[in-house]
Amino acid sequence: MSFSDDVIRAQGLTLDEYAQAVEGLGRVPTWAELGVIGAMWSEHCSYKSSRVHLARLHTTGPQVAVGPGENAGAVRIGQGLCAVFKMESHNHPSYIEPYQGAATGVGGILRDVFTMGARPIAAMNALRFGRWEHPKTRHLLNGVVAGIGGYGNCFGVPTVGGNLSFHTAYDGNCLVNAFALGIAAEDRIFLGTASGVGNPVVYVGAKTGRDGIHGATMASDVFDDATADNRPTVQVGDPFREKLLLEACLELMQEDCIVGIQDMGAAGLTSASVEMASRGGTGLVLNLDCVPARESGMTPYDFLLSESQERMLLVAKPGMEPRVAEVFAKWDLDAVVIGHVTDDSVWRCTWHGDEVCALPVGLLADDAPKYHRPCERPESLAAMQVVPDVRCSDPGADLLALLTSPDGCHRGWVWRQYDHEVGAGTVAGPGGDAAVVEVPGTDIRLAMTVDCTARHVLLEPKVGALGVIAEAARNLACVGATPLAATDCLNFGSPERTDVAWQLSESVDGLTIGCKAFDLPIISGNVSLYNASAGSAILPTPMVGAVGKLAPGVVVPRSAFPRAGMTVAVLGRPPSHGVGASLWLTHTVGRDAGTPPPVDLSAENALHAAVRALIAQEMVSTVHDVFEGGIAVALAECCMAETVGLVGTTPGSEDVAGRLFGEDHGRVIVAWEHSDDAAIRRVCGDVPVHVIGTTGGDHLALDGVVNVRVSALRVAHRNALKTFAEDVHAVSG
């Protein structure tokens, strides 16, 4: 059998990669084998353009129980328990079919967590869309948010936080990054490995259909007109069946039945079985005739590459097949023996008595291509880093414009569609700096946040990515939490472009510096490349999900002023960077410009420690991070929640725009009623404390140049996104 160049490319392989596969195999592959190699060697499964960079990430620490390489990572939280969490992308499917793309992204990340033996207790998401003016943005926003809510709400996991941004660079390629966290006993964590020669391989969960075929290869290519219409590559989810699958898996995991278990995610049965064999150093034989089918006329190619949802693959201990079948039958799910473990390190599949696949496991896994893509700093960056000479002539009007802009308006329209309190464990939900949840049956509370300011990464990737980690750690500190670990989702354009490869490499270096500095090892994650369309790449978006732990008895502060009569202060050094890379500058001149603010690691760590100490001693009742939009936006957010005014003076230079809207790191707003300045300063030590003023009235008045009614700000701020999303006649902001 021979294949044309077009057929080879359609499987996601270059001609050189196909030649490498033929050489490694010693023969021409069968049709089914060609599809399998294409899927396993796709960017989505093999990480062929990112593995050289990921090896540099900081991934270890005494708190890490399971690091990268498994379905999810696990970090010790005390009392013999681990927090198990991960973040993954479902970008391309969500652009093609926003509801199902986002819904199955949630379903997939939940399976990654409970495959490890952890019961999910919280979910978050990070979303990126194009301009409000773009004709697809409203459609994508509504579909994605509905899909996340539809799946998560029905499954019964609270969506406790998230991150949303809009930019023209995402016009042709939205981002949907899903995060989930669960709790497992450290001595009952399950890994995705196939070991024990002769042990049965059991398929469990929903039946297999043709949905999602070529999903992995589609997610490893740039968009064109044909790709955007390729709906059959998008999976269809069933959250109720996923809930049954969760309960069946966790029930079986309480018994001594399972050797290893793996989610059928990207590339479905193929990737699940190959990855299990690779981790176990074994081979597998799969009888495809035994795979439960949802449709008639399915072929080996269909069974192997389908990405139908709510399916798992497990290796059972000898003689445990009846018990596995009994548990899954109780939950109305299939559990069928479809193969067994071998000792020859070959992955084999049979169909109607014939062997249709016989591929070395190493060829599909460790021997997949690994590229050292050329990296080059783009010459255009120097011009982009020049800050235009612009003036802030009406700071009050600028503040209102930011608070009603796509990136500055209230996100309540989104998170009100999510059940963020199901399970009764949510302490602090969406809308604050970080969410906080209780671990069921314990006094342990965990904080979590997702962060990325992509325009900072665009304008200087290493500094911007370091800032992503600093912001995440600062958000954890603002609810009184000490960092534990993080997960990442690295969203970039085509790595075949030297500038994109450079952005990825620099970003990894920035993340590594930050993770070491703030003790946030990356324990899991995902890389999503080829996020581009019509020759235009997305902003480099290294999204980070960070998790921390609160000390017992800590009262979580609010991120807003609850009443009049509170003393307000900003902790940290006065702003000095100016408006470079700020939201204000982008909004004012219509493009991203300047350089991102640097991160002083020592000062940032000292600030986090001071904030945690103030919270632990209950000296402050309001704590809010200062970052995107600067101190003017942060103070407005504190005022608008309860319509509480403030008259104050902000620290900084005479440059009005830089002082009010600059995005320097290392600043936090605090407010108190019963403390005093001297006591606050004693706890803060060398961290500067600048008292701004006292809350009261209905006006936010700053520095004699801003004087706006808080009630008017609140109405405009809260209505902007809702108006855009729901009103087909909305005027874009």
Got a salt bridge between [X] and [Y], using NZ or NE/NH1/NH2 to carboxylate O under 4.0 Å?
X	Y	value
Glu310	Arg241	no
Glu70	Arg279	yes
Glu88	Lys86	yes
Glu326	Lys330	no
Arg9	Glu17	no

Is the side chain of [X] donor-acceptor paired with the backbone N or O of [Y] at a distance under 3.5 Å, no angle test?
X	Y	value
Asp354	Val356	no
Asn177	Asn125	no
Glu43	Lys48	yes
Gln20	Asp367	yes
Glu321	Ala316	no
Glu307	Gly268	no
Ser505	Trp502	no
Thr498	Cys375	no
Thr512	Val508	yes
Glu33	Thr30	yes

Does the side chain of [X] pick up a donor-acceptor pair with the side chain of [Y] at under 3.5 Å?
X	Y	result
Asn71	Asp263	no
Ser533	Asn173	no
Thr208	Tyr203	yes
Glu251	Trp331	yes
Gln11	Tyr18	no
Ser528	Asn531	yes
Tyr170	Thr541	yes
Asp16	Thr14	no
Gln309	Arg111	yes
His352	Asp289	yes
Thr115	Gln262	no
Thr299	Asp302	yes
Ser306	Ser308	yes

Picking from Asp332, Asp334, Asp238, what satisfies salt bridge (charged side-chain N to carboxylate O under 4.0 Å, His left out) with Lys207?
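Going through the options one by one, the only one that passes is Asp334.
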
Cation-pi between Arg373 and Tyr371: NZ/CZ under 6.0 Å from ring centre and within 45° of the ring axis?
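Verdict for Tyr371: a cation-pi partner in Arg373.
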
Tyr47 ring centre to Lys370 NZ or CZ under 6.0 Å, with the angle to the axis within 45°?
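Not flagged: Lys370 not positioned over aromatic ring of Tyr47.
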
Any side-chain heavy atom of Ser46 sitting closer than 4.5 Å to one from Arg51?
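Heavy-atom side-chain distance check passes, below 4.5 Å.
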
How are the rings of Phe114 and Phe155 set relative to one another: parallel (under 30°), tilted (30 to 60°) or perpendicular (over 60°)?
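Ring orientation of Phe114 relative to Phe155: parallel.
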
Might you work through the side-chain contact (heavy atoms from CB on, under 4.5 Å) test for Cys290 and Val337, ending with a clear yes or no?
CA-CA 7 Å; Cys290 297; Val337 176; over 6 Å; no

Here's a test for you: under side chain to side chain contact (heavy atoms under 4.5 Å, CB included), which of Thr59, Val75, Val64 qualifies with Pro521?
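Answer to the side chain to side chain contact (heavy atoms under 4.5 Å, CB included) test with Pro521 among Thr59, Val75, Val64: Val64.
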
From Leu304, Thr350, Ile338, residue fulfilling side chain to side chain contact (heavy atoms under 4.5 Å, CB included) relative to Leu288
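Running side chain to side chain contact (heavy atoms under 4.5 Å, CB included) over Leu304, Thr350, Ile338 with Leu288 returns exactly one hit, Leu304.
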
Can you check side-chain contact (heavy atoms from CB on, under 4.5 Å) on Ile522 and Leu54, steps first, answer last?
CA-CA 10 Å; Ile522 301 284; Leu54 299 180; over 6 Å; no

